[in-house]
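Read through the structure below, which is laid out as structure tokens, and then see the notes.
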There are 2 protein chains.
Amino acid sequence: MDSKYTIQDIADMAKVSKSTVSRYLNQGYISQEKMDKIKQVIKETGFQSNFFAKRLKMKQSKLIGIILPRMDSVTVGKLLEGVNRILEPEGYQGLILVSDLKKQKEICNISNLQQQGVDGIIIDSLGITRGHLQLLKSFDIPVVFTGQQHTAVHYVKIDDEGAGRIMGAYVRQKGHHHVVFAGVTNMDRAVGIERKQGFIDAFMENHPKAKVDFVKTGFSFESAYASGSEILAFKPTAVVCATDNIGLGVLRYLHEQKIKVPQEISVAGFGGYAVGVVSYPALTTVAFDYELVGMKTAQGLLDLIAGKKMESQSNLPLSFIERESVCGRQRDGVDKDRI
Amino acid sequence: MDSKYTIQDIADMAKVSKSTVSRYLNQGYISQEKMDKIKQVIKETGFQSNFFAKRLKMKQSKLIGIILPRMDSVTVGKLLEGVNRILEPEGYQGLILVSDLKKQKEICNISNLQQQGVDGIIIDSLGITRGHLQLLKSFDIPVVFTGQQHTAVHYVKIDDEGAGRIMGAYVRQKGHHHVVFAGVTNMDRAVGIERKQGFIDAFMENHPKAKVDFVKTGFSFESAYASGSEILAFKPTAVVCATDNIGLGVLRYLHEQKIKVPQEISVAGFGGYAVGVVSYPALTTVAFDYELVGMKTAQGLLDLIAGKKMESQSNLPLSFIERESVCGRQRDGVDKDRI
DNA sequence: CTGTTAGCGCATTCAC
DNA sequence: GTGAATGCGCTAACAG
């Protein structure tokens, strides 16, 4: 295959022993004379040491396994960008595996990566199950989760509950009493439970007339769009969506129904994707910094690999972005405002 | 590190030789009796063969290097999705490196991957330079480009020129005479030259009154938005944008300027991203199937690895998506329609 | 069918 | 400082 030079070849050419070449490649400890000679030969031949032979000796792969639920998502892209920013300068490379939104495959991927001899694993998880914990116990390579949390593992994630609370407080303060929360399956703890509960808690607090109806939808624009009529049936004054994607789908549905946003119904989302600003109206949202999440996650893993401790955290900074899709309601003008 | 069992350990435990275990792991050719014994021991120990030792022998890494201009982009996500769909069933894994939009880094990444001993490389290139070709000549591992083309390499890409032509014909047929093409640097041959030229050629054909002004902008939503006033200064009846992202930025600018699209100005893009449908109005565009590109690219590479030939192609199917952002013009109502 | 032997390319003792 | 020798864990002839 790669009909390449070996360390022996260049040793011969430089008229030294291969250990000398090896030293040149690693610590040093050789005379200037041989050093120059070797350098020259290496340059001429374009020699590069065999990755696998090296790793076999070194017991270190400099490879980090990265398990992702899917590839074609904005948040995943941002996350990777952040992870890469930390890994690359340290000489690590990411080995990416995709779970296709299946928890079972996520577990397969873990064991796969472990077998490949990666130095650590980052998992943007769909949900941490007993299966995960059991598998993780069976070997001792460092693992950091993101996206989901669990007391038994290391994790770095956004504050889903806090994000929900921010939105809940905002919508309440805007004078809304009756909202539909368009959320996802509670198989996804972070988004399906924490984020939703945060919203409900803050929205309900000291808010006697408050009412929240729940409509379950998927993560995609299309499924959100398809839930439009179900949402409308509750006649809310505002729709709070578990993700910006869902918000965009709802917005589209409303637009096609000729329902004015935010005049007739307000809409809000979570995520802060750049696309939120291209919709009409631009989507009010709680923004997450996934690139930062990626950086923190990678740094945590590197710490673990170095034998240091790492602190799990689920409190990464959030920012509220008020755009155009939510408007205020008169103190008591609820429900009657709409037919 | 991974204080793991070796093939020797399990050979001892099963009271056979390690070659027998190796056979068990690979082809077969052993008695049922020993087979059962080995299977049991492996199960008990959770043994897994050492990845690096195996690769060192096999001269095959089952690793495919993938070089991307950046991570956080929708097209890249789709592409990877497609690549992965082909690679995974064949037991290959992708090793992803990011070029941060720098051609020089793209070249470094190539040589990096080659050193790692990948079996092949896929490059979503920023532009194929002499540096690329020279480096590629220095080793013989299969490489397939996408995103850009060059006669001296293998490539699979969308038909940028054809896409441009489709849009050119459409806009002309809609009765527009004066358009601004909001494009990117011609350092990017595919988008900056081929796509633009295709548009201009088709638009100009048998179209005496036609006029195309060019405004150079970046790939981002923000830079497109910032180019808004420059575009408007030409007073076109339509703006054709080199990508949907640019189109979205222009749309946003126009929206904020209270200029009605498409009544006052039409806008179109290229790409067919899902987000095009959430803008207001929804963006008319030529859609590319990047997932298909990914699949074709990966398949081509696999063919090359298998010693087969592969045909480069730049004619992957396109689809025109007519949405709301372009409208017809009266035969001579040009320019005067706008102040 | 099975055990023995011999490397894959490299890092790292150990004497010199 | 430097070279010779050893083995990382595995696969692939080689004889039996």
Side-chain angles (χ1 to χ4, degrees), chain A residues 1-42 45-63 91 114-119 139 141, chain B residues 1-42 45-63 91 114-119 139 141:
Chain A
M1 304 301 130
D2 51 344
S3 56
K4 272 301 153 30
Y5 297 95
T6 79
I7 202 174
Q8 181 66 65
D9 293 330
I10 84 111
D12 294 344
M13 298 173 74
K15 298 192 206 313
V16 296
S17 76
K18 55 182 192 161
S19 12
T20 307
V21 178
S22 180
R23 277 193 206 91
Y24 170 83
L25 262 13
N26 302 317
Q27 24 259 8
Y29 225 64
I30 61 182
S31 67
Q32 189 61 45
E33 189 187 5
K34 312 224 169 199
M35 188 154 165
D36 293 340
K37 185 69 183 158
I38 294 175
K39 181 186 286 182
Q40 191 200 329
V41 174
I42 286 186
T45 55
F47 164 83
Q48 345 207 66
S49 65
N50 181 297
F51 180 75
F52 299 103
K54 186 167 201 156
R55 294 321 177 211
L56 176 55
K57 280 297 292 187
M58 304 276 262
K59 307 295 205 186
Q60 242 217 104
S61 65
K62 285 285 186 178
L63 247 31
Q114 191 268 350
Q115 176 174 189
Q116 312 259 322
V118 298
D119 293 343
F139 54 79
I141 127 176
Chain B
M1 301 306 130
D2 53 343
S3 55
K4 273 299 158 30
Y5 296 96
T6 80
I7 201 173
Q8 181 67 65
D9 293 330
I10 82 111
D12 294 345
M13 297 173 74
K15 300 192 207 312
V16 296
S17 75
K18 54 182 193 161
S19 16
T20 307
V21 179
S22 180
R23 277 193 206 90
Y24 171 83
L25 263 13
N26 302 315
Q27 24 259 3
Y29 227 64
I30 61 183
S31 67
Q32 189 62 45
E33 189 188 6
K34 312 227 170 195
M35 187 154 164
D36 293 340
K37 184 70 183 160
I38 294 175
K39 181 185 286 182
Q40 191 200 330
V41 174
I42 285 186
T45 55
F47 163 82
Q48 346 207 66
S49 65
N50 181 299
F51 180 75
F52 299 103
K54 187 167 201 159
R55 295 319 178 211
L56 176 56
K57 274 305 281 188
M58 304 276 263
K59 308 296 207 177
Q60 241 218 107
S61 64
K62 285 285 186 179
L63 248 29
Q114 191 269 347
Q115 174 173 190
Q116 311 260 324
V118 297
D119 293 344
F139 53 79
I141 125 177

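Computed from heavy atoms alone, side chains included, the values below leave out hydrogens, waters and symmetry copies. The chains referred to below are lettered A, B, ... by the order of the sequence lines, with proteins before strands, and numbering in each begins at 1.
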Task: Distance (rounded to the nearest 0.5 Å) between B:Met13 CE and B:Ile42 CD1 - done: 11.0 Å
Task: Phosphate contact (C:dA11 OP1 or OP2) by A:Lys54 side-chain N/O below 4.0 Å - done: yes
- [ ] Round to the nearest Å and state the distance from B:Phe52 atom CZ to C:dG7 atom P.
- [x] 25 Å
Open item on the list: On DNA chain D, compare the nucleotides closest to B:Lys18 and A:Lys18; which residue's is nearer the 5' end?
Closed with: A:Lys18
- [ ] For the pair B:Phe52 and A:Phe52, name the ring-plane relationship: parallel under 30°, tilted 30 to 60°, perpendicular over 60°.
- [x] tilted
- [ ] Look at all strands and tell whether B:Arg55 reaches a base, only sugar-phosphate, or nothing, counting heavy atoms closer than 4.0 Å.
- [x] nothing
Open item on the list: With a cut-off of less than 4.0 Å, is there a side-chain N or O of B:Lys59 near OP1 or OP2 of C:dG9?
Closed with: yes
- [ ] Check whether any side-chain nitrogen or oxygen of A:Ser31 sits under 4.0 Å from OP1 or OP2 of D:dT2, and answer yes or no.
- [x] yes
TODO: Starting from C1' on D:dC10, measure out to CD1 on B:Ile42 and report it in whole angstrom.
DONE: 13 Å
- [ ] Give one of base, sugar-phosphate or nothing for A:Phe51, where a contact means two heavy atoms less than 4.0 Å apart.
- [x] nothing
Open item on the list: Below the 4.0 Å mark, does C:dG3 have OP1 or OP2 next to a side-chain nitrogen or oxygen of B:Lys34?
Closed with: yes
TODO: Find the distance between OG1 (A:Thr45) and CG (A:Asp9) and round it off to the nearest 0.5 Å.
DONE: 8.5 Å
- [ ] Using atom CE of B:Met58 as one end and atom C1' of C:dG7 as the other, report the distance to the nearest whole Å.
- [x] 16 Å
Open item on the list: So, under a plain 3.5 Å distance rule, would you say the side chain of B:Lys57 forms a donor-acceptor pair with the base of C:dG7?
Closed with: yes
- [ ] Take the protein atom OH of A:Tyr24 and the nucleotide atom C1' of D:dG1, then report the distance between them rounded to whole Å.
- [x] 17 Å
Task: Protein-nucleotide distance (B:Arg23, atom CZ; C:dC1, atom C1'), rounded to Å - done: 8 Å
Open item on the list: I want to check one thing: is the phosphate of C:dC10, taken as OP1 and OP2, less than 4.0 Å away from some side-chain N or O of A:Ser19?
Closed with: no
- [ ] Please report, rounded to the nearest Å, how far the P atom of D:dG3 is from the CD atom of A:Gln8.
- [x] 11 Å
Open item on the list: Just N and O in the side chain of A:Asn26: are any of them under 4.0 Å from OP1 or OP2 of C:dA11?
Closed with: yes
Task: From CG (B:Asn50) to OG1 (B:Thr6), nearest 0.5 Å - done: 9.5 Å
Open item on the list: Rounded at 0.5 Å granularity, tell me how far NZ in A:Lys37 sits from CD1 in A:Ile10.
Closed with: 10.5 Å
Open item on the list: Less than 4.0 angstrom between a side-chain N/O of A:Ser22 and OP1 or OP2 of C:dA11, yes or no?
Closed with: yes
TODO: Please figure out whether A:Leu25 or B:Ala53 has its closest DNA chain C nucleotide nearer the 5' end.
DONE: B:Ala53
Task: Qualifying residue for side chain to side chain donor-acceptor pair (under 3.5 Å) with A:Asp36, from A:Gln40, A:Lys39, A:Gln32 - done: A:Gln32
Task: Phosphate contact (D:dG3 OP1 or OP2) by A:Ser17 side-chain N/O below 4.0 Å - done: yes
Open item on the list: Counting the atoms with a prime plus P, OP1 and OP2 as sugar-phosphate, which does B:Ile30 contact under 4.0 Å by heavy atoms, base, sugar-phosphate, or nothing?
Closed with: sugar-phosphate
TODO: Taking only the side-chain heavy atoms of A:Thr20 (C-beta and beyond), determine which of D:dT2, C:dA11, D:dC10 contains the nearest atom.
DONE: D:dT2
- [ ] Report the distance from atom CE of A:Met35 to atom C1' of D:dG1, rounded to the nearest whole Å.
- [x] 13 Å
Task: A:Tyr29, nearest nucleotide to its side chain (from D:dT2, D:dA12, D:dA13) - done: D:dT2
- [ ] Give the rounded distance in Å between these two atoms: NZ of A:Lys37 and P of D:dT2.
- [x] 15 Å
